[in-house]
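Let me begin by presenting the structure, written as structure tokens, before commenting on it.
Along the sequence shown, residues carry numbers from 1.
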Amino acid sequence: MTRERILAIKSHPVTYDEDSPKLTAEQIAGMRPAHRAYWKVEPIKEAVSIKIDADVLAWFKAEGKGYQTRINKALREAMMRSGQ
């Protein structure tokens, strides 16, 4: 899903009526996918080669296994904060 699509979805007005009432936080928390196959959706990953400052890479690696996942999470958070 592209950033533009995410922003379009977020800006779409939400309307509630008797057929689709607003759900409570408790109702939402109790929701589960109808089929187990949909419980875990994996994003499409793409292998890239980038240059990262050695100290930044060392900082991520110092936390142990999973540093690439942590780098991806930091980049995603920065992308979402940008609001573009």
Side-chain angles (χ1 to χ4, degrees):
M1 183 171 293
T2 65
R3 183 174 5 143
E4 291 80 19
R5 181 66 180 134
I6 292 170
L7 291 173
I9 291 169
K10 284 183 174 183
S11 66
H12 194 299
V14 177
T15 56
Y16 303 103
D17 59 26
E18 62 187 42
D19 291 326
S20 57
K22 186 171 184 174
L23 300 175
T24 66
E26 184 176 284
Q27 290 171 313
I28 293 170
M31 291 183 155
R32 297 291 178 265
H35 192 278
R36 285 190 172 270
Y38 300 110
W39 285 22
K40 186 172 183 182
V41 177
E42 293 288 332
I44 297 170
K45 301 285 186 174
E46 187 171 334
V48 298
S49 176
I50 63 172
K51 293 182 182 273
I52 299 175
D53 293 342
D55 59 334
V56 173
L57 185 58
W59 183 78
F60 277 100
K61 284 185 169 184
E63 294 293 313
K65 188 175 181 175
Y67 73 93
Q68 291 176 336
T69 300
R70 288 190 297 279
I71 291 171
N72 189 69
K73 182 180 177 192
L75 292 171
R76 178 169 298 284
E77 288 170 356
M79 178 186 78
M80 298 307 287
R81 278 193 311 269
S82 75
Q84 294 181 355

Of all pairs that satisfy side-chain hydrogen bond (donor to acceptor under 3.5 Å, both in side chains), the ones with a partner from residues 18-30, not counting sequence neighbours: Asp17-Ser20, Thr24-Gln27

Pair listing, side-chain hydrogen bond (donor to acceptor under 3.5 Å, both in side chains) test, anchored in residues 47-71, at least two apart: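 side-chain hydrogen bond (donor to acceptor under 3.5 Å, both in side chains) check on residues 47-71 returns no pairs.
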
Other ILVMFWY residues reachable from Met31 by side-chain steps of under 4.5 Å: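 When side chains under 4.5 Å apart are linked, the cluster holding Met31 also contains Leu23, Ile28.
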
Side-chain cluster (under 4.5 Å, hydrophobic types only) that Val14 belongs to, other residues: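 Direct or chained contacts put Val14 with Tyr16.
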
Set of side-chain contact (heavy atoms from CB on, under 4.5 Å) partners for Thr2, sequence neighbours left out: Glu4, Arg5

Residues in side-chain contact (heavy atoms from CB on, under 4.5 Å) contact with Ile52, at least two apart in sequence or another chain: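 Scan of Ile52 (side-chain contact (heavy atoms from CB on, under 4.5 Å), adjacent residues dropped) gives Ile50, Val56, Leu57, Ile71.
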
